[in-house]
Structure formats: C-alpha cells, structure tokens
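Notes follow the structure.
Order of the sequence lines fixes the chain letters, A, B, ..., with proteins taken first and strands second; residue numbering starts at 1 for each chain.
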Amino acid sequence: MLDPQLLRQNTESVAAQLLHRGYTLDVEQFTSLESRRRELQSDVEALQAKRNTVSREIGAAKSRGEDPQSIMDSVADLGERIKAGQAELTEVQDALHAIQADIPNLAHESVPEGPDEEHNVEVRRWGTPREFDFEPRDHVDVGEALGMMDYEAAAKLSGARFVTMQDGIARLHRALAQFMLDLHVREHGYTETYVPFLVLPEILFGTGQLPKFDDDQFSTRDDPPYYLVPTAEVPLTNLVANSIVEADQLPMLRVAHTPCFRREAGSYGRDTRGMIRQHQFEKVELVHISHPDHSYEELERLTANAETVLQRLELPYRVITLCTGDMGFGAAKTYDIEVWVPSQKQYREISSCSNCEAFQARRMKARFRNPDTGRPEPLHTLNGSGVAVGRALVAILENCQNADGSVTVPEVLRPYMGGDIVISR
RNA sequence: GGAGAGAUGGCCGAGCGGCUGAAGGCGCGCCCCUGCUAAGGGCGUAUACGUUGAUAGCGUAUCGAGGGUUCGAAUCCCUCUCUCUCCGCCA
C-alpha cells in the first residue's frame with residue numbers, strides 16, 4: 001500500500017509514476033470516491049457526536065430524577081440515520097481499499113526506467129564462465145545419467161513441474177540448504193527461524209500476494225483457506241505484522257529454509273524442462289526489518305550476503321538492477337542475482353533482493369517507534385533469496401560436471417557430504 | 001473430537017448499562033527532594049482517522065472479532081476466533 005496521504009494529496013503525480021510500472025490509476029474515480037468518503041465520514045461523525053452528547057444529557061436528567069422522554073423523542077431517528085450513513089461510508093471505504101490494495105509500489109529514484117527486462121541494468125559480474133573441453137550437458141541429462149534425478153517418476157506422482165531426486169543429488173540438494181543456512185547464521189548475523197508453510201489469507205495480503213495474485217497460489221479448501229507459502233518472505237516478514245517494534249531492535253535479520261509452492265500460472269511453455277521452474281522448490285530466504293533511514297544500506301548488505309553464497313560455491317554470476325517495468329508488485333528497488341547456466345549459455349535468476357520500503361509494512365501494520373518523534377511509524381521490509389536451492393543445484397550440476405558424467409562437489413559443501421569429493425554412478 | 005475456564009492499555013489487574021479511553025499497581029519518561037547509595041514526592045505515559053500550520057486543541061472510533069438489544073454497552077444477548085485445563089486420538 002502506498003502512503004494514503006501521498007496518494008490523496010498528489011494523486012496526479014503518483015499516477016504518472018505508476019505509469020512507468022505499467023499501472024494505470026483511474027484518477028477520476030479515485031478522486032470522486034475520496035471526496036465522497038470525506039463528506040460521508042464527517043457527516044457520520046457529526047451525528048455520532050450528537051448522539052453522544054444527547055445520551056449524556058439523558059443520563060444526567062435521569063440522575064436528577066427528571067423525565068428524559070422529551071429529549072429522547074428529539075433524537076428518535078438518530079440511530080437510523082447513523083446506521084444508514086455508516087453503511088454508505090463502509091461501501092465507499094471498501095471501494096477505496098480495493099483500489100489501494102491493487103496499486104503497486106512506487107519505484108525508488110535510482111531505478112532505471114523501462115517497460116520490460118530489456119531495460120534492466122547490469123551492475124557487476126563475478127567469476128568467469130568455465131571453458132568446457134567437451135559439450136556440457138544440461139542438469140536434466142546430468143542427473144538422469146547419474147540415475148539420481150527422475151522427472152517421470154515425479155510426473156507419475158504429481159504431474160508436470162516436479163522432480164524426484166535420490167542418492168548423491170538428493171544429498172547435494174540437502175547439503176546446499178544446510179550450507180546456506182549456516183553461512184547466514186554464523187557469518188552474516190541472521191536469526192535462524194522455523195515458520196509455518198501454511199498461512200492465513202491476511203498474511204498473503206500483508207506481503208502483497210493477495211488479493212491480486214490469488215491465481216499464483218496454492219490453497220486448501222478450509223474456510224478460510226490456508227495458503228501454501230510461495231516463499232518464506234511471507235511468514236518471515238509477517239512476523240512483525242500488527243506490531244510496534246522498538247527502534248533498538250532494528251535491523252532484524254531473519255533467515256529460513258522452506259519449501260515454496262507456486263502455481264506458475266501463465267508460464268506455460270516456459271522452462272518446462274528440468275528444475276528451473278517447478279511447483280515446489282526449496283529456498284533459503286533472507287528478510288531484513290529495517291529503520292526507514294537505513295533500508296537502502298540494508299539492501300546492499302542483503303544482496304552482498306546472497307552473493308557470498310555463490311562466491312563460496314565458486315559459481316559465476318552477475319547482478320542486475322530491475323527496471324521500473326520488470327519489478328515485482330511490492331518492490332521499490334530490486335537486484336536480481338543471475339547465475340551462469342552453461343547449457344543455456346546465459347545467466348539465470350537465482351536470487352531476487354528487494355527493498356519494499358513501507359509498502360508491505362503499511363499493508364500489515366508493521367511499525368517501529370521513532371525515538372525522534374516518539375510516534376509509531378511504518379518500518380521498511382526487505383527480502384531476498386539466499387539463495388534458491390533448486391536453481392543452485394542446477395548451477396552446480398551444470399558448472400561442475402565432468403566429461404565422464406560425474407559431478408565435482410564444491411569444496412564448501414564437502415563437509416556436508418560426508419567428505420565426498422565427487423558424485424558419480 | 002468431547003468437557004470446562006478465559007480473552008481489558010507495555011505488563012499485572014479492577015470495572016453496578018450512563019460523567020470509564022478505561023480505577024489501582026508495576027514498568028517506563030521528565031522533574032523535585034535526599035551531600036553517594038537506598039528510600040521518598042510531583043507530573044506524564046495507547047492507536048487510528050477527521051479537522052488544523054501543528055506530534056496543540058477539538059471530534060469520531062477502538063476493552064479478542066463480527067452482529068444484536070438500547071437514547072446510551074467494556075458492561076446484556078447471539079455467532080465466530082484464539083488461549084488455557086482435563087479426556088480421547090496422534091507424527
């Protein structure tokens with residue numbers, strides 16, 4: 001949610017900025033609803049004030065032993081008028097909330113302007129893609145040749161976009177998650193956190209997945225439904241929902257390893273082969289709860305922490321800044337980290353690090369007490385993958401494969417693999 | 001799943017349908033006093049929205065959530081949610 005004051009007072013300029021994100025705000029409609037709201041609200045409040053005054057008079061008259069009947073008659077219809085006014089006000093407010101809940105965040109001034117991913121800007125590269133003296137296979141071929149990855153078996157169980165793994169690759173997958181978790185906890189100062197994988201609808205609202213992106217979510221048939229988390233960003237960030245955090249608690253750094261569930265609606269035909277895009281995958285997620293004045297420093301730190309994972313794994317990557325048109329709904333600024341995928345001869349997203357500023361905080365009523373003013377103010381929330389486990393596995397299988405079909409285990413993972421150096425048949 | 005108890009401000013804890021946004025205590029903040037320490041005294045201490053130049057004042061709302069009764073509800077009625085205890089089941 002945008003700052004309601006800002007939206008109200010600068011509707012035109014906000015609308016202009018939203019256009020860069022490909023969002024058209026109906027200024028006319030918003031403005032008229034807003035003035036209607038203002039009118040109704042002051043009417044209703046005036047009636048309520050009158051009711052309160054008169055009720056007090058009745059009480060006073062009674063305690064003096066007087067008959068309050070004449071006073072009561074004079075306000076006989078007040079209750080009905082208030083109720084009618086409130087009903088109308090609620091209707092207008094609901095309409096306004098629906099509009100506000102649908103508007104994406106505004107981009108930070110440092111974000112490049114552009115309609116699509118063509119306009120993203122590369123920030124830096126790390127490592128050099130390896131020169132193969134044989135034709136590198138993709139991760140599917142590597143995994144299947146090893147007999148440790150089975151897409152058909154998964155399809156039998158769950159249909160498309162799932163995988164089963166076994167033996168060395170299953171252990172490598174687990175080792176990756178453990179390594180990342182340990183790195184962030186031991187070296188980057190995060191608090192390891194275990195969270196529910198099923199959450200309530202209002203939790204998805206808080207981080208911005210609902211109501212707009214319901215189609216992307218899996219949910220249960222309970223009433224209200226539970227939603228399967230699409231990312232640990234959802235439960236981790238909502239840890240501060242509906243609360244006022246003391247300033248000295250900031251920044252809060254949280255890390256969680258969870259499965260993630262996504263319908264991938266609208267991505268039919270994209271990345272249908274292999275583990276790149278699945279309905280279920282694992283991710284180690286980083287969340288920072290930050291003081292507003294420091295959230296951009298935190299974004300740099302969070303991104304650097306995610307990059308460290310790839311550096312330790314010795315996987316080449318680059319960092320790009322997403323342009324206005326390519327950013328997610330809640331983000332004010334996003335760095336994507338892309339890892340080198342030899343079979344595709346390109347960099348593919350393995351982490352997305354965003355500063356959502358106060359956008360999510362307003363939706364979930366997450367505030368901190370500002371020592372300068374003594375008042376509660378929205379805090380800033382950031383999140384980033386640190387990193388996607390499935391895609392990291394893809395990158396290792398492809399980048400670290402050998403001519404004989406085996407895979408060399410990155411050094412930092414060997415302690416997690418019982419000392420194994422190579423995965424082979 | 002069955003039976004019972006409960007949900008009030010940062011915490012504890014009062015609260016006869018009317019002057020209670022809410023007694024009292026604790027904690028916290030500022031000030032005073034006491035030559036240190038301990039003790040003592042005074043004042044203050046929720047959030048949102050509206051109005052406004054204003055974090056002043058005023059108005060409105062909020063005592064788990066929603067609905068109802070009433071001129072008026074933290075107080076009465078209904079529904080739901082959550083927490084706790086006991087039983088059952090269970091990774």
[atom1] gap between [N] and [M], integer Å:
N: G66(B); M: C89(B); atom1: C1'; answer: 33 Å
N: A5(B); M: G27(B); atom1: P; answer: 35 Å
N: G10(B); M: G2(B); atom1: P; answer: 35 Å
N: U75(B); M: G15(B); atom1: P; answer: 14 Å
N: C84(B); M: A73(B); atom1: P; answer: 33 Å
N: A14(B); M: U85(B); atom1: C1'; answer: 25 Å
N: A54(B); M: G42(B); atom1: P; answer: 37 Å
N: U37(B); M: C31(B); atom1: P; answer: 15 Å

Looking at [N], which nucleotide sits across from it as a Watson-Crick or G-U wobble partner, both distances under 3.5 angstrom, or is there none?
N: C36(B); answer: none
N: C43(B); answer: G29(B)
N: G88(B); answer: none
N: U51(B); answer: G57(B)
N: G17(B); answer: none
N: C76(B); answer: G68(B)
N: G24(B); answer: C12(B)
N: A5(B); answer: U83(B)

Would you mind reading off the distance between [X] atom [atom1] and [N] atom [atom2], rounded to a whole angstrom?
X: Arg56(A); N: G59(B); atom1: CZ; atom2: C1'; answer: 11 Å
X: Ile244(A); N: U45(B); atom1: CD1; atom2: P; answer: 16 Å
X: Glu246(A); N: G29(B); atom1: CD; atom2: C1'; answer: 12 Å
X: Asp3(A); N: C49(B); atom1: CG; atom2: P; answer: 9 Å
X: Lys365(A); N: A65(B); atom1: NZ; atom2: C1'; answer: 14 Å
X: Asn52(A); N: A61(B); atom1: CG; atom2: C1'; answer: 10 Å
X: Lys50(A); N: G72(B); atom1: NZ; atom2: C1'; answer: 15 Å
X: Leu89(A); N: G50(B); atom1: CG; atom2: P; answer: 12 Å

Pair Phe261(A) + Phe197(A): ring centers closer than 6.0 Å: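 No, the ring of Phe261(A) stays outside the 6.0 Å limit from the ring of Phe197(A), centre to centre.
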Indicate whether OP1 or OP2 belonging to [N] is found under 4.0 Å from a side-chain N or O atom of [X].
X: Arg81(A); N: C71(B); value: no
X: Arg369(A); N: U47(B); value: yes
X: Arg367(A); N: A48(B); value: yes

Side chain of [X] - closest among [options]:
X: Glu45(A); options: U60(B), A61(B), U47(B); value: U60(B)
X: Ile58(A); options: G18(B), A48(B), U60(B); value: G18(B)
X: Gln41(A); options: U69(B), G50(B), U47(B); value: G50(B)
X: Lys62(A); options: C71(B), G50(B), U69(B); value: C71(B)
X: Pro376(A); options: U60(B), U69(B), U47(B); value: U47(B)

- prompt: Is the shortest side-chain N to carboxylate O distance from Asp102(A) to Lys212(A) below 4.0 Å?
  reply: yes
task: Considering only NZ, NE, NH1 and NH2 on the basic side and carboxylate oxygens on the acidic side, decide whether Arg312(A) and Glu187(A) come within less than 4.0 Å.
output: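 Salt bridge flag = yes for Glu187(A) with Arg312(A).
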query: Taking for each residue the nucleotide of RNA chain B with the nearest heavy atom, is it Gln48(A) or Gln5(A) whose nucleotide lies nearer the 5' end?
result: Gln5(A)
query: On RNA chain B, nearest-nucleotide positions of Ser42(A) versus Thr53(A): which is more 5'?
result: Ser42(A)
- prompt: Aromatic rings Tyr190(A) and His188(A): how do their planes relate, parallel, tilted or perpendicular, breaks at 30° and 60°?
  reply: perpendicular
task: Assign the ring pair His279(A) / Phe218(A) to parallel, tilted or perpendicular, where the plane angle (0 to 90°) is split at 30° and 60°.
output: perpendicular
query: Can you tell me how far the CG atom of Leu302(A) sits from the NE2 atom of His288(A), to the nearest 0.5 Å?
result: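 Between atom CG of Leu302(A) and atom NE2 of His288(A) there are 4.0 Å.
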- request: Would you please say whether a donor-acceptor pair under 3.5 Å links the side chains of Glu282(A) and His257(A)?
  value: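 Yes, because at least one side-chain N or O of Glu282(A) sits under 3.5 Å from a partner of the opposite role on His257(A).
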task: Assess the side chains of Tyr296(A) and Glu357(A): does a donor N or O sit below 3.5 Å from an acceptor N or O?
output: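 Per modelled atom types, Tyr296(A) and Glu357(A) side chains form a pair under 3.5 Å.
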